[in-house]
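Each remark here refers to the structure printed beneath this line.
Note that ligands are numbered from 1 as they come in the structure, with each ligand's atoms numbered from 1 the same way. Throughout, residue positions are numbered sequentially from 1 according to the sequence presented.
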Amino acid sequence: MWKKWKSLPLWGKIVAGMVGGLIWGLVAVIFGWSDFNDNWIRPFGTIFLNMLRMIAIPLIFVSLVKGMSSLTDIGKLSRIGLKTLGFFMASTIIAITIGLLIVNIIRPGYAFPEAKRTEMQEQYARSVGEPESIVDQIETRSPLGIIVDIIPENVINAAGDNRNILQVIFFAILFGIAITLVPHEKVNTVRELFSGLNVIILKIVDLVMKFAPVGVFALLGSLVVDFTGDDVAESLDLFASLGLYVMTTILGFLVMIFLVYPTVLRMITPVRYRDFYRAISPAQMIAFSTSSSAATLPVSMEVVEQDLGVSKTISSFVLPLGTTINMDGTSIYHAVAAVFIAQVFGFDLTIAQQLTLVLTATLASIGAPGIPGGGIIMLVIILSSVGLPAEGLALVIALDRPLDMLRTVVNITGDCTASTVIAKTEGELVFPVKRPL
Ligand code: ASP
């Protein structure tokens, strides 16, 4: 048995961990073992998440500096930067449009029973408090606030908080640009130092990933326990009413994963979508179980470099940036959720309001942190931008987590697609990857 387990590839072990976690969660709920779960299982999930978070800042900093300093030509750097931003913008707008189209066609809000609606609004009104106070902060920002926030006042403080990842990226890019601008011989030691650090950090990622099967087991098991609570029947009732809304959102995700990304890959790169999904599946599974694209970053970087042949220069630039500002899944979710809430509350959104929605949803997906629940915080801003009641959040908050898991998968798939496409256009893609014999 142990021998069999050992010979399984990592993704196989992760799947086993996921399935085992789901089964364990159900067993724990049925037998009332949630205390045991809290004391003895949940901590392993936290340990795994913390290990991933722990490595995020050093990984981003070292790999960005390493990637950028290997660029000798500053023109190439700005070209890659522009291309990346262009790609991110385009894919976000496509995602929002898909979301708006399907939610306007399926109209899940009209399937919602009136009585249930009132009941749910009261039941969940309490959970709305916290995101609202965040909105107040964000709404009082000036229009250039997003840019101002990217420039750290103090680098050490910025690196001290994983929410400031954009600030760390900014400093790392500046650092990398400076390395390419000074005479080579003066900074050779620094370049070598970063190459060495890079190898060490990748090894740490490798070691952390060995713990992934246990981590996802604990994460998913605890999620089932939290979700179903004490009363399995009541939660089931609630989920049934929201089913159509969930299906609509998932349909949007599927269109993105099975239609949009494969088409783009096919048009621009030699990578077939099956090879692509096989390569990035470990990252998708981690995204699914952690609900955090930031936590998945180390794995996304590893898979695109090692299995898709994207160069370090491209992956270390596109992926950390994508993790923070490119969230296609979150964009689809925002569009569907906002219109769903409008439908439930009987608001008819005009074309102008839907356009405002596109704009705010784009900015919101840029601003949303790559952490669990990052998207729902931003949803409040979107709702207020089109004049929808923030209480609408109460309707969708109950089902946020499973959708969060799925949108995180879409988010990182979009980032991996972007890095593959940009690598191809820059001549930085070696696919199929040649493995040493
Ligand atoms: N959890 C998502 C992510 O990390 C963000 C979101 O909540 O939409 O990509």
My understanding is that only residues two or more places apart in sequence, or in another chain, count here; which of them pass side-chain hydrogen bond (donor to acceptor under 3.5 Å, both in side chains) with Thr417?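 So Thr417 forms no side-chain hydrogen bond (donor to acceptor under 3.5 Å, both in side chains) with any residue.
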Using only atom types and a distance under 3.5 Å, with no angle test, would you say the side chain of Glu426 pairs donor to acceptor with the backbone of Arg79?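 No: the side chain of Glu426 does not pair with the backbone of Arg79.
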For Ser316 and Ser63, indicate whether the former's side chain and the latter's backbone hold a donor-acceptor pair under 3.5 Å. yes
Measure the distance from atom 1 (N) of ligand 1 to every protein heavy atom, then report the residue, atom name and distance (to 0.1 Å) of the closest one. Asp404 OD1, 2.6 Å
Nearest to atom 9 (O) of ligand 1, what protein heavy atom do you find, and at what distance? Ser293 OG, 2.4 Å
Test of proximity, Met327 against ligand 1: N or O pairs below 3.5 Å: no
Below 3.5 Å, N or O to N or O, backbone or side chain included: is there any such pair between Gly375 and ligand 1?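 N/O-N/O distance below 3.5 Å exists for this pair.
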Check Ile412 against ligand 1 and report side chain, backbone, both or neither, counting heavy atoms closer than 4.0 Å.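 Ile412 to ligand 1: no contact under 4.0 Å from either part.
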Proximal ligand 1 atoms for [X], defined as those under 4.0 Å from one of its heavy atoms:
| X | answer |
| --- | --- |
| Gly370 | 3 (C), 4 (O) |
| Arg407 | 6 (C), 7 (O), 8 (O) |
| Thr330 | 5 (C), 6 (C), 8 (O) |
| Thr408 | 1 (N), 2 (C), 3 (C), 4 (O), 9 (O) |
| Ser292 | 4 (O) |

Distance-only donor-acceptor pairs under 3.5 Å for side chains of residues 327-337, two or more places apart:
residue	atom	partner	partner atom	Å
Asp328	OD1	Ser91	OG	3.2
Asp328	OD2	Ser91	OG	3.4
Asp328	OD2	Tyr261	OH	2.5
Thr330	OG1	Asn411	ND2	2.9
Ser331	OG	Met327	O	2.8
Ser331	OG	Ser365	OG	3.4
Tyr333	OH	Asp400	OD1	3.0
His334	ND1	Thr330	O	3.4
His334	NE2	Gly375	O	2.9

Is any NZ, NE, NH1 or NH2 atom of the basic residue among Arg401 and Asp404 found under 4.0 Å from an Asp or Glu carboxylate oxygen of the other? no
Verdict with supporting geometry, Thr408 and Phe288, side chain to side chain contact (heavy atoms under 4.5 Å, CB included): CA-CA 6 Å; Thr408 310; Phe288 183 78; over 6 Å; no
Does the side chain of Thr350 pick up a donor-acceptor pair with the side chain of Gln353 at under 3.5 Å?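 There is such a pair (donor and acceptor under 3.5 Å, judged by atom type) between the side chains of Thr350 and Gln353.
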